[in-house]
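Every chain is numbered from 1, with letters handed out A, B, ... down the list of sequences.
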Amino acid sequence: MKWLVAGFLLVFFSILSLFIGVSELSVMDIFSLSSEEKDVLVVSRIPRLISLLIAGMSMSIAGLIMQQLSQNKFVSPTTAGTMDAARLGILVGMLLFPAATMMQKMLVAFLFALAGTFVFMKILDKIRYRDAVFIPLVGLMFGNIVGSITTFLAYRYDLIQSVGTWLHGDFSMLIEGRYELLYISVPVVIIAYIFAHHFTIAGMGEDFASNLGLSYQKVVYLGLGLVALITASVVLTAGMLPFLGLIVPNIVTIYQGDHLRSSIWQTAILGALFVLVCDIVGRVIIYPYEISIGLTVGVLGSGIFLYLLLRRRSYGL
Amino acid sequence: MVNVNNVSKTYQEVKVVDGVSVHIKKGKITSFIGSNGAGKSTLLSMVSRLIPKDEGSVLLDGEEITSYDNRELAKRLSVLKQSNNIKVRITVRELVSFGRFPYTQGKLKDEDKKLIDESIHYMNLEAFEDRFLDELSGGQKQRAYIAMVIAQDTDYILLDEPLNNLDMKHSKQIMKALRRMVDELGKTVVIVIHDINFASCYSDHIVALKDGKCVYEGTTEEMISNDVLREVYDMEFNVCKIDGNRICVFFT
Ligand SMILES: Nc1ncnc2c1ncn2[C@@H]1O[C@H](COP(=O)(O)OP(=O)(O)OP(=O)(O)O)[C@@H](O)[C@H]1O
Ligand SMILES: [Mg+2]
């Protein structure tokens, strides 16, 4: 029932999103669009809407998978250095192969995101003091270290402007021809759904998984690979969307439990809805200018993150 | 049949399991007994391939256990560890359904659902089946884990202290259930157990560990005797025969 409402809201805000912007476009005119209005819709508004939906959905699912595999509710692409590593990857890609295509950049970003996440997981293995809050703090620090390497390199090679674009997520630049990379996330999310049982079982620990005949290591690698793919494609197109993969899955699992088969779609819907609303807020608050979505998601997200931290005892996180 | 040949495990230069050889007979209940730290759990974990062994071999029906395909092995041998502190929030029914995972990889057929229902019924969990695990008492949780193992429906069932957290009624119920699975379905059960009287009343074969070594091994009749138990536990026992069972008195 709740999820029917969420689905309805998603449709509602999607339509709303199409008709907000500097160029006038009214719902009433939908059947009598001038060719100019059609262009706005096809070149800018629809790509933006699709990117918002895919990015929100897939980043949230990436967080869900990470939390399941690490058995820690506070691990996510933001709090494990995955996003920062992806961004470093993009920069390195630009430096080494200035003429690279989008796909090649994607590959480098993916490899860096993967490596970053692995390094974090290795750090996790070494930590004895495994308090639930301590771990994301370590991850944030790790992310900041990677981030400062990125900044350093960017200054060094005069690329700070380009890096800035990925520092704050921004959907306003995602027009036709620049957002299609995000479609990679669609099959990735489907694979995540197919392996939902595997991820859930792996979350119960290595021994538990072995007893059920599951190759724990393989499932972990698969999961982290999916996470790195999603993160790389989102950071490369829309930019950093901090805390999204952290708060959305946490809100869903409080009500829904941790079985991925049931939580994955709800995480997807809520994630898309959250990004969509943040985007709309950013577009109307200082109309006709825009606040980048990285900022709105970050402000709202870190607020909710703090709230979850403070209330974690009562939610058993 | 499981042949454990000369297995050892060393932690920090201490041999916590030291050259143990045991033959686990098919269609019987075998109990591992011994004091805390004797090496029972370590031995059971090696037998069930959960931890690697430093020396020796474990042959399941003649083939080394670690050379089995993971999924095939999961259909033949199940294992439940001593403590399962699982933080994942899933319902009892979801947990028990995972018992079918080696067969179905997640897609449950009608016969799987039937088996899941039966396992839940077997462990008296109908009233809790839609509750999250973290909303259950220790004993209810333990029963849920055992129900999962029952749903896994393997020939060999290895349980590390299955009576953990259970009251007398449910302890008896589980031991009876295990006995029935052995007698009626031909399963082979291995348990680690501290309650010596449950071991005496329900097992066919007993293996006693002390300081990592197998000090005695034999039929229940041979093992439940004052002399053997004194040697194993370093304390006095008084074994009495009550209603045809050997009961150990050691409380005072
Ligand atoms: N991972 C480990 N690292 C170091 N030492 C270990 C480890 N696991 C077990 N030990 C040690 O090995 C010995 C045997 O442990 P084990 O868990 O097998 O005992 P047990 O017979 O099952 O005892 P209990 O009845 O208390 O469950 C103990 O002394 C324990 O401290
Ligand atoms: Mg033990």
OG-CZ distance between B:Ser97 and A:Arg261, expressed to the nearest 0.5 angstrom:
12.0 Å
Hey, what do you get for CG (B:Leu80) to CG (A:Asn211), rounding to the nearest 0.5 Å?
7.5 Å
Identify the two heavy atoms, one from A:Ser215 and one from B:Asn70, that lie closest to each other, and give their separation to 0.1 Å.
OG-ND2, 3.5 Å
All heavy atoms of B:Glu94 vs all of A:Ser262, minimum pair found to be OE2-OG, 4.2 Å
Please state whether the side chain, the backbone, both or neither of A:Phe195 comes within less than 4.5 Å of a heavy atom of chain B.
neither
Under 4.5 Å from any heavy atom of chain B - which part of A:Gln67:
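Contact with chain B involves no heavy atom of A:Gln67 at all.
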Would one find more than 12 heavy atoms of other residues, nucleotides or ligands at under 6.0 Å from atom [atom1] of [X]?
X	atom1	result
B:Arg71	CZ	no
B:Asp110	CG	no
B:His121	NE2	no
B:Lys28	NZ	no

Let me know if [X] has heavy atoms under 4.5 Å from chain A in its side chain, its backbone, both or neither.
X	value
B:Tyr68	neither
B:Leu95	side chain
B:Ile86	side chain
B:Phe98	both

Picking from A:Leu212, A:Ile201, A:Thr200, which has the most non-hydrogen pairs under 4.5 angstrom with chain B?
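Of the options given, most contacts go to A:Leu212.
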Residue, of B:Arg100, B:Lys81, B:Gln152, that accumulates the most heavy atom pairs under 4.5 Å with chain A
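Result: the option with the highest number of such pairs is B:Gln152.
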Worked verdict on A:His198 versus B:Gln105 for side-chain contact (heavy atoms from CB on, under 4.5 Å)
CA-CA 8 Å; A:His198 296 68; B:Gln105 300 294 299; 3.2 Å; yes
Report yes if the side chains of B:Ile90 and A:Met204 come closer than 4.5 Å at any heavy-atom pair, otherwise no.
yes
